[in-house]
Amino acid sequence: MIAASEIERMTGAEKLGVMELLWRSLAAQPEKVPSPEWHRKVLEERLLEMDSGSAKFLTLEELKARLAKRA
């Protein structure tokens with residue numbers, strides 16, 4: 001296990017590299033990654049919205065504008 005103090009000593013690039021390795025490891029066996037029940041429900045609701053045609057989508061520009069307002 002990596003100690004928090006070791007992580008703090010890493011450069012930003014090293015931290016991103018470790019995150020990439022972790023992501024690859026998790027993505028290789030998604031069935032072993034627990035997902036909370038609320039997440040499944042949200043995904044089901046969104047799929048139903050898409051299937052019914054009631055889903056609302058943003059353009060990339062709209063998304064950027066919305067995120068800029070939060071900053």
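The model shown is predicted, which means the values in this text are computed figures rather than measured ones. All residue numbers refer to positions in the sequence shown, counting from 1.
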More than 12 heavy atoms of other groups within 6.0 Å of [X] [atom1]:
X	atom1	result
Arg66	CZ	no
Met10	CE	yes
Leu67	CG	yes
Lys15	NZ	yes

Legend entry - Glu45 bridged to Lys41 by N-O distance under 4.0 Å: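 Salt bridge between Glu45 and Lys41, a charged N being under 4.0 Å from a carboxylate O: no.
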Reported [atom1]-to-[atom2] distance for the pair [X] and [Y], which is rounded to 0.5 angstrom:
X	Y	atom1	atom2	answer
Leu26	Lys32	CG	NZ	11.5 Å
Phe57	Glu49	CZ	CD	9.0 Å
Leu48	Glu44	CG	CD	7.0 Å
Leu21	Arg24	CG	CZ	5.5 Å

Legend entry - Partner residues of Trp38 under the side-chain contact (heavy atoms from CB on, under 4.5 Å) criterion, sequence neighbours left out: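 Scan of Trp38 (side-chain contact (heavy atoms from CB on, under 4.5 Å), adjacent residues dropped) gives Pro36, Val42.
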Inset, instruction - Mind listing the closest non-hydrogen atom pair of Pro30 and Ala28 along with its distance? - result: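 Here Pro30 and Ala28 meet closest at CD-C, 3.6 Å.
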Inset, instruction - Would you mind listing the cluster partners of Leu16? Hydrophobic ones only (ILVMFWY), side-chain contacts under 4.5 Å, chaining allowed. - result: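 Hydrophobic cluster check, Leu16: joined to Met19.
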